[in-house]
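Here's the structure we're looking at; comments come further down.
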Amino acid sequence: MLLLEIITRDVPYHECANPAQIYKKVTQGIPPLSLRRVKSQDARNFIILCLGIGEDASARPSATELLEHKFLAKKSNDEEAIEVEPAVEDMVIDEAAMNSMTFSETASSNGSKKIDTKYASSID
């Protein structure tokens, strides 16, 4: 999971609203959605092996076997970054937010506590 988070710069299972949803996905062998964003097939396969997800999850490799995976093999271009698709959240433009303004008004009566009231107005 840490490797996936480092590569994608996104918390695994960020699509889940609570720990129960994460637990359900993990116990059912459903990988995090952020795994789809990893373009490198070697990196994606390595993460899947580490997570023990796949057709034969019970045959999870040992640490020694993982060290022999081609994702970790020395390459001439080791400085090359792993390509990742942008997150969907980064690509979506929230039109409602662009068409609204928020105003803040502070009211007080005779030195009492200030009350902060927010108003939203839509711009057409």
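All residue numbers refer to positions in the sequence shown, counting from 1.
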In Å, rounded to the nearest 0.5 Å, how long is the span from [atom1] of [X] to [atom2] of [Y]?
| X | Y | atom1 | atom2 | answer |
| --- | --- | --- | --- | --- |
| C16 | L33 | SG | CG | 8.0 Å |
| L3 | F46 | CG | CZ | 6.5 Å |
| S34 | R9 | OG | CZ | 13.5 Å |

task: Could you tell me whether the side chain of R60 and the main chain of L51 form a donor-acceptor pair under 3.5 Å?
output: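 No; zero donor-acceptor contacts below 3.5 Å.
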message: Please check: side-chain N/O of E65 versus main-chain N/O of S62, any donor-acceptor pairing under 3.5 Å?
response: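 Flag set: sc E65 to bb S62 pair under 3.5 Å.
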field: Full working for side chain to side chain contact (heavy atoms under 4.5 Å, CB included) between V38 and E85
entry: CA-CA 6 Å; V38 179; E85 295 286 340; over 6 Å; no
- request: Give the minimum heavy-atom separation between P32 and E15, together with the two atoms involved.
  value: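 That would be CA-OE2, 3.9 Å.
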query: Is the shortest distance from a Lys or Arg side-chain nitrogen in E83 or K39 to a carboxylate oxygen in the other one below 4.0 Å?
result: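 Salt bridge present between E83 and K39.
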hydrophobic_cluster_shared for [Y] and [X], side chain cutoff 4.5 Å:
| X | Y | answer |
| --- | --- | --- |
| I7 | L72 | yes |
| V84 | I6 | no |
| M1 | L49 | yes |

By side-chain hydrogen bond (donor to acceptor under 3.5 Å, both in side chains) - contacts of Q41 (at least two apart):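 Only R44, N45 meet the side-chain hydrogen bond (donor to acceptor under 3.5 Å, both in side chains) criterion with Q41.
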Heavy-atom distance under 4.5 Å between the side chains of [X] and [Y], does that happen here?
| X | Y | answer |
| --- | --- | --- |
| Y13 | Q21 | no |
| C50 | L66 | yes |
| R37 | D10 | yes |
| T8 | L35 | no |

